[in-house]
Amino acid sequence: MQTTAKNNARCARWRARKEGRGGVEAKRKRKQCIAHADAAPAPDTHVPSEAGRASYRPNTYTELVEDAIRATCTAIERGHKRLEVDYPSLPNASDSYKGASDDYVDANVQQAIAAGRWLHKNKGWKSHIVLPDNEELNRSYNMFKSALEIEDGISMGSLTGKVQGIGAAAWEELSFLFGAVGRIDEKVLENAEKASLEADVFFFINASTIELPQVESYVDRIVGDRPALLWNMELDTLRSDLGLFGFPNKDVHYRFLSQFLPAFYIRQRDYSKSVSVAPFLINYSGALFREFPGPWQVMLRQDGGLLACVAEDKERLTLFDFKEELLKAMGLDTEEKGSTLEFLRRGYKTATWWEENTDQESSSNWRI
């Protein structure tokens, strides 16, 4: 109750500051994100709510994965078939790629298996986990073989599948000769192909920017109208490479990635700001949070790791707007509006290309 009261007071201060600046910005209307203290009790946090969360701090990764898959199920049951789930898959890392590559890959496989286990137990759905290629499939299958054999309703395959043609077969043979993963059992590939036909839900994990066209092709050819989940692929990181030399063009986002609705999303960021009085440098951090069917929420990290809501919006905030809301919540937006100091802090560019050029999208799902 004490924590809730603090959060309510914080949001009240946030709203007062907004009103004091002349109301709400024209391009986006912010809503008060935490109910008043005399409001009805919050719903069970295990059931995704359209009101979002006043605060969030999962105690274990099991709880985090279950929250993610519950929100995903809610989206699927409401008719959404292309979904994104993104959260830090490694402990104490705001960016999963800062961790060791193998740790990141293995954590995503393990958590996808846990999500598939929950789906089969609670919904009776069969899950098929799709890795980028047969080399990664071989490594992950051997590592988690016992879990896959014990669990019902969970299978594993790859974007590559059974190689076709002389050139593809020669490349796989070279990968075996010069790689360290060994040759994959043909029986595993046959079982994966069969499982892909029987699966109810597909998890795509660990794909790189280069492999996004293969993901798109697999979704079109094999998944069809069944749910496809881009699970912890850190799409914003992958989007930033699109259009660069040697990478797929930006149309991959406009045509394909824009279709994926974020069902569960946590993007953590750490910032700091210099001030003219002691302690002269203030560190602050938070997370852009979304749990379908709730709104997009700006969460400010408290002492002890609790994420407390300070602002929200029905549409996805840009990272620039997210940072601005954190500054306001901390009382650090001290520059005079329109001043040179404000321009120097904010900069000229305040959005990425995929956040700006929305008129080229085939769908707006990725930002609602």
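We number each residue from 1, following the sequence as shown.
- Taking 4.0 Å as the cut-off between side-chain N and carboxylate O, Glu66 and Arg70 count as a salt-bridged pair.
- What you find for Ser89 and Ala107 is that their closest heavy atoms are O-CB, 3.7 Å.
- Under 4.0 Å is where a charged nitrogen must lie from a carboxylate oxygen, and between Asp67 and Arg53 at least one such pair does.
- Smallest separation of non-hydrogen atoms from Pro88 and Leu64: O-CD2, 4.4 Å.
- Rounding to the nearest 0.5 Å places CG of Leu229 at 6.0 Å from CD1 of Ile69.
- Remark: the Asp220 side chain and the Ser217 side chain contain no N/O donor-acceptor pair separated by less than 3.5 Å.
- By the 4.0 Å N-to-carboxylate-O rule, Lys250 lies too far from Glu361 to be salt-bridged with it.
- Pairs of residues two or more places apart, or lying in two chains, that qualify as ring pair (Phe, Tyr, Trp, His ring centres under 6.0 Å) and include a residue from residues 109-144 are His128-Phe202.
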- Item | Verdict with supporting geometry, Arg226 and Ile222, side chain to side chain contact (heavy atoms under 4.5 Å, CB included) | CA-CA 9 Å; Arg226 291 175 287 179; Ile222 296 174; 4.2 Å; yes

- List the steps, then state whether ring pair (Phe, Tyr, Trp, His ring centres under 6.0 Å) holds for Phe260 with Trp366. CA-CA 5 Å; Phe260 286 80; Trp366 76 278; over 10 Å; no

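- Put simply, OG on Ser240 and CD on Glu234 are 10.5 Å apart, with the number rounded to the nearest 0.5 Å.
- A salt bridge is defined here as a Lys NZ or Arg NE, NH1 or NH2 lying under 4.0 Å from an Asp or Glu carboxylate O, and Asp236 with Arg267 meets this definition.
- The backbone N or O of Asp225 sits less than 3.5 Å from a side-chain atom of Lys81, completing a donor-acceptor pair.
- Members clustered with Leu244: Ile210, Phe247, by chain and number, using a 4.5 Å side-chain heavy-atom cutoff among hydrophobic residues.
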- Please test Arg301 against Leu306 for side chain to side chain contact (heavy atoms under 4.5 Å, CB included), starting from the C-alpha separation and ending with a verdict. CA-CA 6 Å; Arg301 183 175 295 279; Leu306 178 75; over 6 Å; no

- Message: Working note: Thr60 + Glu63, criterion side chain to side chain donor-acceptor pair (under 3.5 Å); need CA distance, chi angles, decisive distance, verdict.
- Response: CA-CA 5 Å; Thr60 64; Glu63 182 181 343; 4.7 Å; no

- Message: Set out, in order, the CA-CA distance, both residues' side-chain angles and the distance that settles side chain to side chain contact (heavy atoms under 4.5 Å, CB included) for Thr318 and Thr352, then state yes or no.
- Response: CA-CA 8 Å; Thr318 66; Thr352 60; over 6 Å; no

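- Side chain of Arg290 to backbone of Gly294: a donor-acceptor contact under 3.5 angstrom is found.
- The hydrophobic side chain of Phe245 is isolated, with no ILVMFWY side chain under 4.5 Å apart from it.
- Across all non-hydrogen atoms, the minimal contact from Phe322 to Gly286 is CZ-C, 3.7 Å.
- For Lys123, the salt bridge (Lys or Arg N to Asp or Glu O under 4.0 Å) partners at least two apart in sequence or on another chain are Glu77.
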- Residue pair Asp106, Arg139: steps toward the salt bridge (Lys or Arg N to Asp or Glu O under 4.0 Å) verdict: CA-CA 10 Å; Asp106 297 341; Arg139 179 181 180 276; 2.6 Å; yes

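- A donor-acceptor distance shorter than 3.5 angstrom exists from the side chain of Glu211 to the backbone of Ser208, with no hydrogens or angles considered.
- A side-chain N or O of Asn138 and one of Asn142 form a donor-acceptor pair less than 3.5 Å apart.
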- Task: Start with the C-alpha gap between Arg269 and Glu325, add the side-chain angles, then the distance that decides, and say whether salt bridge (Lys or Arg N to Asp or Glu O under 4.0 Å) holds.
- Result: CA-CA 13 Å; Arg269 283 293 181 268; Glu325 293 297 344; over 6 Å; no

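- Applying the ring-ring contact (aromatic ring centres under 6.0 Å, His included) criterion to Trp296, with sequence neighbours excluded, gives Tyr265.
- Residues forming a ring-ring contact (aromatic ring centres under 6.0 Å, His included) with Phe292 (at least two apart in sequence, or on another chain): His80.
- In plain terms, the two heavy atoms of Asp200 and Pro227 that are nearest each other are O-CD, 3.1 Å.
- Ion pairing of Glu216 with Arg255 is present here, as a side-chain N (NZ or NE/NH1/NH2) and a carboxylate O approach within less than 4.0 Å.
- Taking the six-membered ring for Trp and thresholds of 30 and 60 degrees, Phe204 and Tyr218 have ring planes more than 60 degrees apart, a perpendicular arrangement.
- Closest heavy-atom contact between Pro132 and Thr160: O-OG1, 3.6 Å.
- The two atoms that bring Tyr104 and Asn232 nearest to each other are OH-O, 2.7 Å, heavy atoms only.
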- Mind running side chain to side chain contact (heavy atoms under 4.5 Å, CB included) on Cys73 and Leu119 for me, showing each step along the way? CA-CA 8 Å; Cys73 283; Leu119 282 176; 3.3 Å; yes

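- Rounded to the nearest 0.5 Å, atoms NZ (Lys145) and CE (Met156) are 12.5 Å apart.
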